[in-house]
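In what follows, chains carry the letters A, B, and so on, assigned in the order in which the sequence lines appear, proteins first and then strands, with residues in each chain numbered from 1. The structure displayed is predicted, hence computed values, not measured ones.
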Amino acid sequence: MTDQTAPDPAPGLDPAEEYRPPRNQWLDVWDQFKTHKGALIGLGFFVFIILGVTLGPFLWTIDATYIDIRARNQGPSLAHPFGTDQLGRDTLARMIAGGQTSIAVGLTAMALALFLGTLIGVVAGFSKKLDGPLMRFTDLFLALPLLPLLLVIIMLFRDRLRAAFGPEEGIFILIVVVIGITSWMNTARIVRGDVLALKEREFVLAARSIGTPARRMVTRHILPNVLSPIMVSATLGIANAIITESALSFLGLGFPSDFPTWGRLLFDATDWLQQYPERVLWPGLAISLTVLSVNYIGDGLRDALDPRIRGR
Amino acid sequence: MNLKHTLLGAAAAMALVPVTAHGAAHEGPRGRDGDVKIIYWQAPSIMNPYLSGGTKELEAASLVIEPLARYNEKGDLVPWLAESVPTVENGGVNADGTQITWVLKEGLVWSDGTPVTSEDVKFSWEYCTAEGGGCAQAEKYLDVTAVDTPDARTVVVNFGVGKPFPYGPFVGAQAPIIQKAQFADCLGPKAPECTDANFSPIGTGPFTVTEFRPNDVITLAANENYRDEGKPAFATVTFKGGGDATAAGRSVLETGEFDYAWNLQLAPDVIGAMEAAGKGKVVADFGTSVERIMINFTDVNPDLGDERGTAAHPHPFLTDIAVRRALSMAIDRALLTEIGYGPAGTPTCNVLPAPAAYASTANDGCLVQDIAGANALLDEAGWMPGADGVRAKDGVRLSVLYQTSTNAVRQDYQALIKQWWSEIGVETELRNINASVFFGSDPGSPDTFQKFFADVEMYTNNFDGTDPEAYMANWTCDQAPRPETQWQGNNMPRYCDAAYDALSAQMATTSGIDARAALAKQMNDMLMQNYVMLPLTHRGRVAAHSNTLGGVIMNVWDSELWNIADWYRIDG
């Protein structure tokens, strides 16, 4: 019957919908993210790697540096699922220990690069006065060749850091800082570009007209809106840092030679490429798959964080 | 006197030369066998051994420039540009050893066709000892006061002191004869500026440089004026530098791209698998190379600034002989050698392992690993394990930084030794440094083996020829690298003992092979029993050559390419 008019302001909508609390933006992002198969698989693999290297040592208790000379050059077996190396060290244990370092370097260096890049990008985009100098500074860093710079820095600061923090932590700090301060430039440029565009938008003008101070303007209005490029460059940054660390270890620099990282395992295995190809395979696969998965996550995040793509 | 030994050698060599010269009846016109390809995985940067201490430069240069006499594969002296090796018996060396007279072969010409004269020989000495020159081979000309040239073929070398072994100057690949006409304007500080001369010296050797690309490829062509008819068999040499030992080994043994590869320091399984491919042969011979751990007697704490690593500050715990001895006892040398070198190495307890007459047997106890004994020794000396398992005394922890060059075999050694040392309560931190930096001798770099800013370091050293006098003099007080010497010198441990210096001085004036051998052994034992260094492996020199390359005779006493004039192609 028609007299039974429901107080329906928007006909066609489900009543339940109307009373539902506003949906969290991150749930939308997740819904969109889920539609990207590659990103989902990538995320699954990345979580697996992180769990593997953090919880792995509790399940697989062989010491990665323990030498059992009688068990050298063994193929995969129950006692050593990934086999052993030329000194009888367990490859699985070394993969886990190496992954811890490689992933830790990747995440921390990424965080540092992100912080520097965002800071410089936002300041440059927001302040006319500092824009020029900061961008020239960025250009300067882009022009520096990374590997020679790394070699010089390692030579200059190694002994002091080693004395202050010990051999492994000292090198860890050094490598993280070096990778961090040499890979923030792309983030800074992208962020600056976005900030410049956002600055002229109406909602910023409105916020300015009601007297929002610059600091709050950045934190409330600008930063949330440049989150999407930052997230994407973050994921790419992890991949980049893992590869740089591997390259350093592969060159025989960086961490002490008995301190496993994926790059170091790869380096050690190249001599044995023909006799024991699996020794190159495991660290090589781990590096490639981790970097690939992180890149897919970044790809998925970019789609998911862009409101114009989301929902299509 | 060692001369007797040398004379025998010379006699043997005279008999030997014709055999190698026409080895297996491979004769024919010069340049009949086309191109021979040699790979050195460390690339030569100069063709003048007087300006470089590196083996790679020395050996590359030995294709072009030659000494008066050199060592053959048995370690005996053979005449090269000289007619014969002078001895006391043939009147070439005077009775007190202050004068040696060389006579050049008749009709020698440089590759540009001009005659080789005694003036050129004299000039080579002047070149190396010129003021402000920084000659890398200066020790070869030690104590030379004058070089006289009575006629165009005769050279008389005068020494300031009696030399029991006068075969330093103009002998071996380190002290070749260079052309006076070419280098006359390159004396002293100007030496490094003569790029053309340094890159393509005019020589007497079987080949001449056609193109020299530093740190890359050298192309050489047969010397048209070479003294032996029908030699060399090869028309050209392509001398490729760079890469790594694995790639070099593979290019000869597996793919056959190259004919000869030098210094293959590879694990035995790796090189064995390569050889199994059947394209080439591995050749090895034992010289005097010993892989050893050097122990630093000075404190290298960075807080000491400029006095870091100098005798002013003794090391906090390595100056205790009990610690050094325990470090030695904990090492299983046989196992290390088996894993790292296989048949190309033997475990040793001597830093002077060869020639046999000089090798001591007094220290062979170190061949047996004794972890329990080492622990007991440290307990007795008052080094007690702390909560973290690392021994300490009066707040000084036994924690060592152990450095070496980057090489898979060395890193395996490091890992094994670290584990053994941890079993005796010594904490070890490993460091590996790129070989070209580590052995680079750059006084500006903190990472060179001379600066030795670590507690212990590992590398291989040897000496050329068969006489150990100069080698054993490496560990006298004044050989210690320090800021005043621009960090040059060979006494890496900075060991300093007046008694040792006295023995070294005595050896310089002692003649007679038995007396010299006794002295050398005594000096070796003194170093070993004070644990100044811990010898690990007596290493053979390993090279590989293609199955189609004939005439290769491995020589550990001189340049490996010493007899390239006799190399030939085997048709296959």
Whether over 12 other heavy atoms sit under 6.0 Å from B:D306 CG: no
Least distance between heavy atoms, A:Q86 atom then B:D412 atom: NE2-OD1, 2.8 Å
Straight-line distance of A:F267 CZ to B:T406 OG1, nearest 0.5 Å: 6.0 Å
Within 6.0 Å of OH in A:Y296, more than 12 heavy atoms from elsewhere: no
Per-residue contact mode, B:A267 against chain A (heavy atom under 4.5 angstrom): side chain
Residue pair A:T270 / B:T246, side-chain heavy-atom distance below 4.5 Å: no
Chain A contacts, top residue of B:E254, B:M274, B:Q414 (heavy-atom pairs, under 4.5 Å): B:E254
Atom group of B:L416 that falls short of 4.5 Å from chain A, counting heavy atoms: both
Which atoms of A:Y66 approach chain B - backbone, side chain, both or neither, heavy atom under 4.5 Å: both
Engaged part of B:D269 at the chain A interface, taking heavy atoms whose separation is under 4.5 Å: both
Greatest number of heavy atom pairs closer than 4.5 Å to chain A - which of B:K418, B:Q411, B:R431: B:R431
Heavy-atom pair count under 4.5 Å with chain B, highest-scoring of A:D85, A:D268, A:L273, A:I67: A:I67
